[in-house]
Amino acid sequence: MSVNIGKINKAMNYFATHTIEIGILGEGDSMGEQQEMTVLEYGSYLEFGSPGGKIKPRGYFRRAIEENKSSITLFVQGVLNQVLAGNLDGRLASMQVGEYIRGLVVQAIADASNWAIKNDPDYEKWKANKYPNRAGQTLILEGYLIKSIRYKIKKGGATVYKSDWNKVGG
């Protein structure tokens, strides 16, 4: 087995000069035809709560990271081992890490009915009538938030890659 030190060095330099940012990377549009709230505002309210407390904090993003620290560490170590073996370059390795963590955040949103503060009963009744396929899904209404969980790779202040929109099922 031969090892290409130059290739490995290039990949490691990529890690030293690039960062992965994961978050709500929507286009800033309103969430629906008549709503004034952007996906970023909505996602922030679900994470931290809204002014006045009408929307309770759910902490889906923090939960995804905190509860999966060890699996994230193992995943990153596995990707790094693939880089050191010469099987992945820095860009592809960064994309794999971004996708993995994005998947954890999306899963936390999808599973929120199992762990999050329950919605107001009147809201749940309205939601069940208007969106019957979303009844019981605490943090999912039309899927805008899940779709907007994306990652980007940056070098300095410039974005060099932005992930595609996530698929929304149901």
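Position 1 is the first residue of the sequence, and the numbers go up from there.
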Does the side chain of [X] reach to within under 4.5 Å of the side chain of [Y], using non-hydrogen atoms?
| X | Y | answer |
| --- | --- | --- |
| Leu104 | Phe75 | no |
| Asn81 | Asn87 | no |
| Leu145 | Tyr60 | yes |
| Ile24 | Ile149 | yes |
| Phe61 | Phe48 | no |

- Query: Do Ile65 and Tyr100 share a hydrophobic cluster (ILVMFWY, side-chain heavy atoms under 4.5 Å, transitive)?
  - Reply: yes
Who pairs with Ser113 by side-chain hydrogen bond (donor to acceptor under 3.5 Å, both in side chains), at least two apart in sequence or on another chain?
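Listed in chain order: nothing, the list is empty.
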Stepwise side-chain contact (heavy atoms from CB on, under 4.5 Å) test for Lys10 and Asp89: CA-CA 8 Å; Lys10 185 176 178 182; Asp89 64 23; over 6 Å; no
Got a sec, which residues hit salt bridge (Lys or Arg N to Asp or Glu O under 4.0 Å) with Arg91, two or more places apart in sequence or on another chain?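 Arg91 satisfies salt bridge (Lys or Arg N to Asp or Glu O under 4.0 Å) with no residue once adjacent residues are dropped.
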Asn9 side chain to Ile5 backbone, donor-acceptor under 3.5 Å:
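Pair absent, no side-chain N/O of Asn9 close to backbone of Ile5.
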Going from [atom1] on [X] to [atom2] on [Y], what distance comes out if it is rounded to the nearest 0.5 angstrom?
| X | Y | atom1 | atom2 | answer |
| --- | --- | --- | --- | --- |
| Ser50 | Glu41 | OG | CD | 11.5 Å |
| Gln77 | Leu84 | CD | CG | 11.5 Å |
| Gln96 | Ile20 | CD | CD1 | 10.5 Å |
| Glu21 | Lys154 | CD | NZ | 4.0 Å |
| Leu80 | Gln82 | CG | CD | 10.0 Å |
| Ile8 | Leu88 | CD1 | CG | 11.5 Å |

Looking only at side chains, do Ser94 and Tyr151 share a donor and an acceptor under 3.5 Å apart?
no
Original post:
Checking side-chain contact (heavy atoms from CB on, under 4.5 Å) for the pair Phe15/Val83: CA distance, chi angles, key distance, verdict?
Top reply: CA-CA 11 Å; Phe15 294 140; Val83 169; 3.9 Å; yes
Looking only at non-hydrogen atoms, find the nearest pair between [X] and [Y] and report the distance.
| X | Y | value |
| --- | --- | --- |
| Lys7 | Gly86 | NZ-O, 2.8 Å |
| Ser163 | Glu99 | CB-OE2, 4.1 Å |
| Ala11 | Gly90 | CB-N, 3.6 Å |
| Glu47 | Pro57 | O-CB, 3.7 Å |
| Trp115 | Arg58 | CZ3-O, 2.9 Å |

Would Val79 and Leu92 count as a side-chain contact (heavy atoms from CB on, under 4.5 Å) here? Give the steps.
CA-CA 9 Å; Val79 168; Leu92 287 175; over 6 Å; no
message = Can you tell whether the side chains of Glu67 and Arg63 come within less than 4.0 Å, N to carboxylate O?
response =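 Counted as a salt bridge, because a side-chain N and a carboxylate O are separated by less than 4.0 Å.
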